[in-house]
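Below: one structure, written as structure tokens.
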Amino acid sequence: MEPVHPEFVPDASLSRAEMETLQRDIAEQAVFADDLPFDPDTVCRHRESGQQQLDETGGGDGGNPGEAPIVLGVDQAFLDDERAVSALVAMRNGEVIERVHAVAPTEIPYIPGLLSFREGGAILAGFRELSVEPDIAFFDGSGRIHFREAGIATHIGVMLDLPSIGVAKSLLCGTPRSSTEGLAEGERVPIEADADVTAPDGTVIGHAVQSRQYDSPNRHINPLIVSPGHRVSAETAADLVLACSAGYKLPEPTRLADQYADEAKKTVGT
DNA sequence: GCGACAG
DNA sequence: ATCTTGTCGC
């Protein structure tokens, strides 16, 4: 698929100030409320068994009528300091229906807050290779949990006008409403905007989500940090990540994209 | 100047 | 993200 908003294509040649201005413009266009082309409850409830569900009706307006929604996992790996590989894995009803990958220059180093300008090129190249129409995409990193409410999931989601969610392993900014330690599997803690975020203080910009947890004493797993990218609410984003989890910390689309990115990295060679 | 910071 | 074997604890 191609960008619906070419003016938001991440341009690594912009100055830092211009990048930040672009992010504010993107955040203005972002929709942090549910506007999905499918019913969130129809996304396959994965579950440890790895067993799939039979699809019933599965669709709202717009998307893939009569079938369960297509959930896309997107993740990047690096061949070296100047080339990124983006891997995209599309799933429906818990099964992979397409996998594509693409390589593109990174152009700029990693700078907290500007991740989409480093990895965006590879991601866009990956989307050009994709033939199916995803209903929603999971990105590695933040969405609204970002200084200017425009993390990589929001940036790419708005540019493509594709519902999106950010799935990160650690917190970029914002403040958990309560302790995120000792959560049981399935539990979540709201992450609120603070002085570091453009949203009004106290705005719920995402959640710490315990997608997996050991049942015993010493030894625990840290929660995922989930935030809305575009056209999804913070609550539904967390619901969908849990629905797509299958016994691992990362939701299946993300876990498989992660795995595929490493595989592609070795295949592409140097 | 110091701190803090997705991947 | 990436460099990497064993190892501690489910």
Side-chain angles (χ1 to χ4, degrees), chain A residues 10 12 16 19-20 23 26-27 48 73-88 101 103-123 126 137-157 164-176 180 182 184-185 191 193-198 205-210 212-229 234 237 241 247-251 254-255 257-266 268-270:
Chain A
R16 180 161 183 160
M19 290 180 180
E20 296 182 353
Q23 291 182 324
I26 288 167
E48 285 92 292
V74 183
D75 186 44
Q76 286 67 246
F78 297 85
L79 297 177
D80 51 53
D81 288 318
E82 38 193 50
R83 288 177 305 163
V85 193
S86 183
L88 290 67
H101 65 87
V103 176
T106 47
E107 307 190 73
I108 60 170
Y110 166 67
I111 300 170
L114 299 178
L115 186 64
S116 59
F117 291 91
R118 173 175 167 78
E119 307 187 346
I123 293 174
F138 290 0
F139 291 91
D140 61 311
S142 293
R144 195 182 189 183
I145 295 181
H146 180 273
F147 312 116
R148 293 165 293 279
E149 298 175 83
I152 193 164
T154 299
H155 192 149
I156 307 299
S164 61
I165 293 174
V167 180
K169 300 177 202 65
S170 57
L171 191 61
L172 172 63
C173 58
T175 306
T180 60
E185 198 164 294
I191 302 297
D194 55 26
D196 294 336
V197 182
T198 49
I205 54 178
H207 292 86
V209 177
Q210 200 71 52
R212 180 170 184 211
Q213 188 55 285
Y214 295 135
D215 1 67
S216 55
N218 41 31
R219 200 72 177 182
H220 63 79
I221 295 175
N222 293 134
L224 287 174
I225 304 299
V226 180
S227 58
V241 165
Y248 295 91
K249 175 169 176 172
L250 295 174
T254 300
R255 190 176 70 85
D258 197 86
Q259 185 177 286
Y260 182 44
D262 274 318
E263 190 181 311
K265 178 168 67 168
K266 296 173 183 174
V268 174
T270 158

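Reminder, nothing fancy here: chain letters follow the sequence lines and each chain counts from 1. These numbers come from a predicted model, not from an experiment.
Applying side chain to side chain donor-acceptor pair (under 3.5 Å) to A:Gln23 and the options A:His155, A:Arg148, A:Glu149 leaves one that passes, A:Arg148.
Rounded to an integer number of Å, the gap from A:Ile123 CD1 to B:dG7 P is 13 Å. In this structure, A:Lys249 atom NZ and C:dC10 atom P are separated by 18 Å, rounded to whole Å. Distance A:His146 NE2 to B:dA4 P: 19 Å, rounded to the nearest Å. Distance CD1 (A:Ile225) to C1' (B:dG7): 14 Å, rounded to an integer number of Å. A:Asp80 places its CG atom 11 Å from the P atom of C:dC3, with the value rounded to the nearest Å. As rounded to whole Å, 10 Å separates atom P of C:dA1 from atom CD of A:Gln76. In this structure, A:Leu114 places its CG atom 12 Å from P of B:dA6, rounding to the nearest Å. Distance A:Ile221 CD1 to C:dC10 C1': 10 Å, rounded to the nearest Å.
A:Ile152 comes within contact range of at least one nucleobase, with a heavy-atom separation under 4.0 Å. Contact annotation for A:Ala84: no contact, since no heavy-atom pair falls under 4.0 Å across all strands.
A:Gln76 and A:Glu119 form a side-chain donor-acceptor contact under 3.5 Å, judged by distance and modelled atom types alone.
The CG atom of A:Asp262 sits 8.0 Å away from atom CG of A:Asp75, with the distance rounded to the nearest 0.5 Å.
Which of B:dA6, C:dC10, B:dG7 sits closest to the side chain of A:Tyr214 comes down to C:dC10. Side chain of A:Asp140, nearest nucleotide from B:dG7, C:dT2, B:dA6: B:dG7. Relative to the side chain of A:Leu172, the nucleotides B:dC5, C:dT2, B:dG7 differ in distance, and B:dC5 lies closest. Closest approach to the A:Asp215 side chain among B:dA6, C:dC10, C:dA1 is made by C:dC10 (side chain taken as heavy atoms from C-beta onward).
Geometrically, A:Arg255 engages A:Tyr248 in a cation-pi contact defined by less than 6.0 Å to the ring centre and at most 45° from the axis.
Taking the nucleotide of DNA chain C with the nearest heavy atom to each of A:Asp258 and A:Arg219, the more 5' of the two is matched to A:Asp258.
Dashed line: the shortest gap from a side-chain N or O of A:Lys265 to OP1 or OP2 of C:dT2 is under 4.0 Å. Look at A:Ser170 and you won't find any side-chain N or O under 4.0 angstrom from OP1 or OP2 of B:dC5.
Ring stacking holds between A:Tyr110 and B:dG7, with the centres under 5.5 Å apart and the planes within 30 degrees of each other.
The minimum heavy-atom distance between A:Phe147 and A:Pro112, with the atom names listed, is CE1-O, 4.2 Å.
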